[in-house]
Amino acid sequence: MSASSVIAKRLDGVTESATLKLNALVQSMRARGEDIVNLTAGEPDFPPPEEAKAAVRKALDENKNKYTPVAGIPELRERIAKKTNNQQPNAVAKFGEWKAADVVVSNGGKQAIFNTLMSLLNPGDEVIIVSPYWLSYPEMVKLSGGTPVIIEGKAEKKFKASADDIRKVLTPKTKVLILNSPSNPTGTTYTREEFTAIGNFLAKEAPGVWVISDEIYDRILFEKTEFVSFLDAAPELRNRTVTVNGLSKAAAMTGWRIGWTVAPPELTQALLTLQGQSTSGISSLVQYAGIAALDLAEEKFAEMVSAFKRRRRMALEILAKAEKLKVVPPEGAFYVFLGVEAFVKAGEDSMQLSETLIREAKVAVVPGTPFGAPNWVRMSIATDDDTLRKGCERLVEYFRAH
Ligand code: PLP
């Protein structure tokens, strides 16, 4: 029997990580003694907060190792509700506070989004996604039986969708719109006014459409100081918006797998049923770390955020020397998205160019193709200053020579 007849149809057309092949190339070149600068990291290069580590140790010593409630321990859900209320004062003023009962803690923001799509989509339902997008969105939509509908973001508009763009792709089958600000991979952020305009449009013209607002990079902002949570700008969508967040990026805790949804009761009940019959609650020990991280003052993360700001400035300064390279300065997250159209050969895209960059420039970046942007690559600034400088200089040298 061939493998394809063994594997369930629901996996047809769902793609595996596109960067595996490139990572293998980096490993094999390094094994041969080549000095490759790796700018592919999707996680902060900072350690987790000491307080989070101490909380896990304490929980372990206290034998906090039993199953927890599926949605997470009450103290953690309370902290998350409080954080969300602080980020959504307008929605709170109109509709009251989110409660611990509105929160489901999942294995990272990834499972939170997956659970939401699984709980909302019927076969053939459409999900609007703005490109360039986090590469898991369309694959998760497909796994959930839905159909991704892509709005092609334009660099001139900082890759953002307007209410008009959404109107053009809206159909009776549209069920969900996914928004992500600050964005992976572009670092773009929506303003309060932009979110309000989208919210007003959805409230008036798209009554059945839900919003998933992925706010996982909320703390990592460069020029603006104010983070805008979608619901704070569009409170009238309170009964059909799911706020997704977590500690992976903002608290440098990627491997701990702490993410969550804050959602209206009917959906939260479905999320609980799904998670209760699949993975159950997340690891008991890390939930105590989650509490500790959420209790920390903003200043605790100031060093990390200012390092990202400094590196962003340095990277932009160096990259500006490559004339044909298009750079849209990121406003948040920890990536710089580079337009490489001038360097992509006919019939190829950023997949092949990324391989060439590893072999010839000795720099690894992530191709934009799986993010829905075939003529772009994503460079991470979540690496130390010297490595980043070396990587940017090598890229500039390559691009200037080609
Ligand atoms: N959303 C975006 C935009 C991301 O970039 C990521 C991770 O790369 C996630 C969600 C999921 O994060 P995690 O599952 O690690 O919490």
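Numbering of ligands and ligand atoms starts at 1, following listing order. These figures come from a predicted structure and were not determined experimentally.
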Quick one: does [X] get an N or O within less than 3.5 Å of an N or O on ligand 1?
X    : value
N107 : no
Q111 : no
S248 : yes

Checklist entry - Looking only at heavy atoms of G246, does any of them come nearer than 4.0 Å to an atom of ligand 1? => result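 Outside the 4.0 Å threshold, so no.
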Short list, please: which atoms of ligand 1 are under 4.0 Å from a heavy atom of [X]?
X    : value
N180 : 3 (C)
G109 : 13 (P), 14 (O), 16 (O)
K110 : 11 (C), 13 (P), 14 (O)

Checklist entry - Parallel, tilted or perpendicular for F159 and F337, by the 30°/60° rule? => result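 Rings of F159 and F337: perpendicular, as their planes differ by over 60°.
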Checklist entry - Which word best sums up how the rings of F334 and Y217 line up, parallel for under 30°, tilted for 30 to 60°, or perpendicular for over 60°? => result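 Aromatic pair F334/Y217 classed perpendicular.
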Looking only at atom types and distance, does a side-chain atom of [X] sit under 3.5 Å from a main-chain N or O of [Y], one as donor and one as acceptor?
X    : Y    : answer
T174 : L170 : no
R219 : A250 : yes
N85  : A81  : yes

Item to check | Criterion side-chain hydrogen bond (donor to acceptor under 3.5 Å, both in side chains) on E43 and S380, from CA distance to verdict | outcome: CA-CA 9 Å; E43 54 189 342; S380 169; over 6 Å; no
In terms of residue, atom name and distance, what is the protein heavy atom nearest to [atom]?
atom                    : answer
atom 12 (O) of ligand 1 : I216 CD1, 3.9 Å
atom 14 (O) of ligand 1 : R257 NH2, 2.8 Å
atom 7 (C) of ligand 1  : K249 NZ, 2.9 Å
atom 2 (C) of ligand 1  : D214 OD2, 3.4 Å

Checklist entry - Any side-chain heavy atom of D385 sitting closer than 4.5 Å to one from R310? => result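 When only atoms from C-beta onward are counted, R310 and D385 do touch, with a gap below 4.5 Å.
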Item to check | For the student: nearest non-hydrogen atoms of I216 and G246, plus distance | outcome: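 Where I216 meets G246 most closely, the heavy atoms are CD1-N, 3.8 Å.
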